[in-house]
Amino acid sequence: QVQLVESGGGLVQAGGSLRLSCTVSGSIFSIRAMGWYRQAPGKQRELVASITSYGTTNYADSLKGRFTISRDNAKNTVNLQMNSLKPEDTAVYYCNAVVNYKEYWGQGTQVTVSS
């Protein structure tokens, strides 16, 4: 019954910003690591950023300084603040979380950055 739902995607011009959110719902006993991945057409899904339940973060090297991941444990949410967006950031962004010792994925939200 665990469900992850992303929101906040959309179309922006290069240099703009977006804030993605992901909320976990269902029969939740624990949420450990949470993160964001992205996948562009014809490419492999790649890690964007992850965060532990205590706030330790990890970022893809190429995204450090532009993207910030955060979470609100009380609300079972994880966020991704994306600044200075580039056309190469265009992808479907997926939320990921370890819930009740199992890994779950959201359905993804489209982010399109125009040049």
Side-chain angles (χ1 to χ4, degrees):
Q1 310 94 280
V2 173
Q3 184 178 9
L4 278 61
V5 179
E6 303 101 333
S7 63
L11 173 64
V12 298
Q13 292 186 342
S17 298
L18 283 174
R19 184 176 178 85
L20 306 182
S21 295
C22 172
T23 299
V24 181
S25 63
S27 299
I28 303 169
F29 293 94
S30 68
I31 303 178
R32 299 304 179 192
M34 306 182 79
W36 289 94
Y37 293 71
R38 68 184 184 184
Q39 187 169 25
K43 299 178 64 177
Q44 293 274 3
R45 187 173 300 187
E46 63 178 353
L47 173 70
V48 175
S50 64
I51 184 168
T52 70
S53 60
Y54 290 99
T56 300
T57 59
N58 183 54
Y59 296 90
D61 289 340
S62 62
L63 302 178
K64 288 183 177 179
R66 295 196 297 120
F67 289 12
T68 302
I69 190 170
S70 62
R71 65 189 288 167
D72 186 335
N73 291 332
K75 297 180 179 179
N76 298 327
T77 61
V78 61
N79 307 117
L80 184 69
Q81 179 66 46
M82 304 185 293
N83 299 324
S84 302
L85 284 163
K86 305 174 181 179
E88 53 262 43
D89 295 320
T90 295
V92 177
Y93 284 70
Y94 295 91
C95 179
N96 170 266
V98 178
V99 184
N100 304 337
Y101 304 103
K102 294 178 62 178
E103 189 176 47
Y104 292 87
W105 292 89
Q107 290 299 115
T109 184
Q110 177 70 47
V111 172
T112 302
V113 184
S114 62
S115 59

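These numbers were taken from a predicted model, which means no experiment stands behind them.
Remark: the backbone N or O of Ile69 is paired with a side-chain donor or acceptor of Tyr59 at under 3.5 angstrom. Judged by distance alone, with hydrogens and angles left aside, the side-chain atoms of Asn83 form no donor-acceptor pair with the main-chain N or O of Leu18 at under 3.5 Å. Side-chain atoms of Arg71 come within 3.5 Å of backbone atoms of Ile51 as a donor-acceptor pair (strictly under, hydrogens ignored). Distance alone, capped at 3.5 Å, is enough to place a donor-acceptor pair between the Asn100 side chain and the Phe29 backbone. At least one donor-acceptor pair under 3.5 Å links the side chain of Asp72 to the backbone N or O of Ala74. The backbone N or O of Glu46 lies less than 3.5 Å from no partner atom in the side chain of Gln39, so there is not a single donor-acceptor pair. Glu6 places a side-chain N or O within 3.5 Å of a backbone atom of Gly108 that can act as its donor or acceptor partner. At distances below 3.5 Å, not a single donor-acceptor pair connects side-chain atoms of Asn96 with backbone N or O atoms of Gly35.
Interatomic distance, Thr57 OG1 to Phe67 CZ, rounded to the nearest 0.5 Å: 14.5 Å. To the nearest 0.5 angstrom, Leu63 atom CG is 10.5 Å from Thr68 atom OG1. A distance of 5.0 Å separates OH in Tyr101 from CZ in Arg32, rounded to the nearest 0.5 Å. Rounding to the nearest 0.5 Å places OG of Ser30 at 12.0 Å from NZ of Lys102.
For the residue pair Gln110/Thr112, the side-chain donor-acceptor check at 3.5 Å is satisfied.
Smallest separation of non-hydrogen atoms from Arg19 and Ser70: NH2-OG, 3.9 Å. Closest approach of Pro87 and Ala14 over heavy atoms only: CD-CB, 4.1 Å. Here the closest non-hydrogen pair linking Ala40 and Ala91 is N-CB, 3.8 Å. Contact record, Leu85 with Arg66: CA-NH1, 3.9 Å, taken as the closest heavy-atom pair. A pairwise comparison of heavy atoms in Asn73 and Ser53 identifies ND2-O, 2.9 Å as the closest pair. When all heavy atoms of Ser17 and Val12 are compared, the closest pair comes out as O-CG1, 4.0 Å.
The hydrophobic cluster around Val92 extends to Tyr37, Leu47, Tyr94, Trp105, counting ILVMFWY residues whose side-chain heavy atoms fall within less than 4.5 Å of a member.
Applying the disulfide bond (SG atoms under 2.5 Å apart) test to every pair with at least one member in residues 20-103, sequence neighbours left out, gives these pairs: Cys22-Cys95.
Test Val111, Asn79, Val48, Val78 against Leu20 for side chain to side chain contact (heavy atoms under 4.5 Å, CB included) and you get one pass: Val111. A side chain to side chain contact (heavy atoms under 4.5 Å, CB included) with Met34 is found for one member of Val24, Leu4, Val98, Asn76 and no other, namely Val24.
By the neighbour-count criterion of 12 heavy atoms within 6.0 Å, atom CD of Glu88 is densely surrounded, having more than that number from other residues, nucleotides or ligands. Atom CD of Gln44 sits in a sparse spot, with 12 or fewer heavy atoms from other residues, nucleotides or ligands closer than 6.0 Å.
The salt bridge (Lys or Arg N to Asp or Glu O under 4.0 Å) test applied to Lys75 returns no partner, not counting sequence neighbours.
Side-chain atoms of Asp89 and Val113, non-hydrogen and from C-beta on, do get closer than 4.5 Å to each other.
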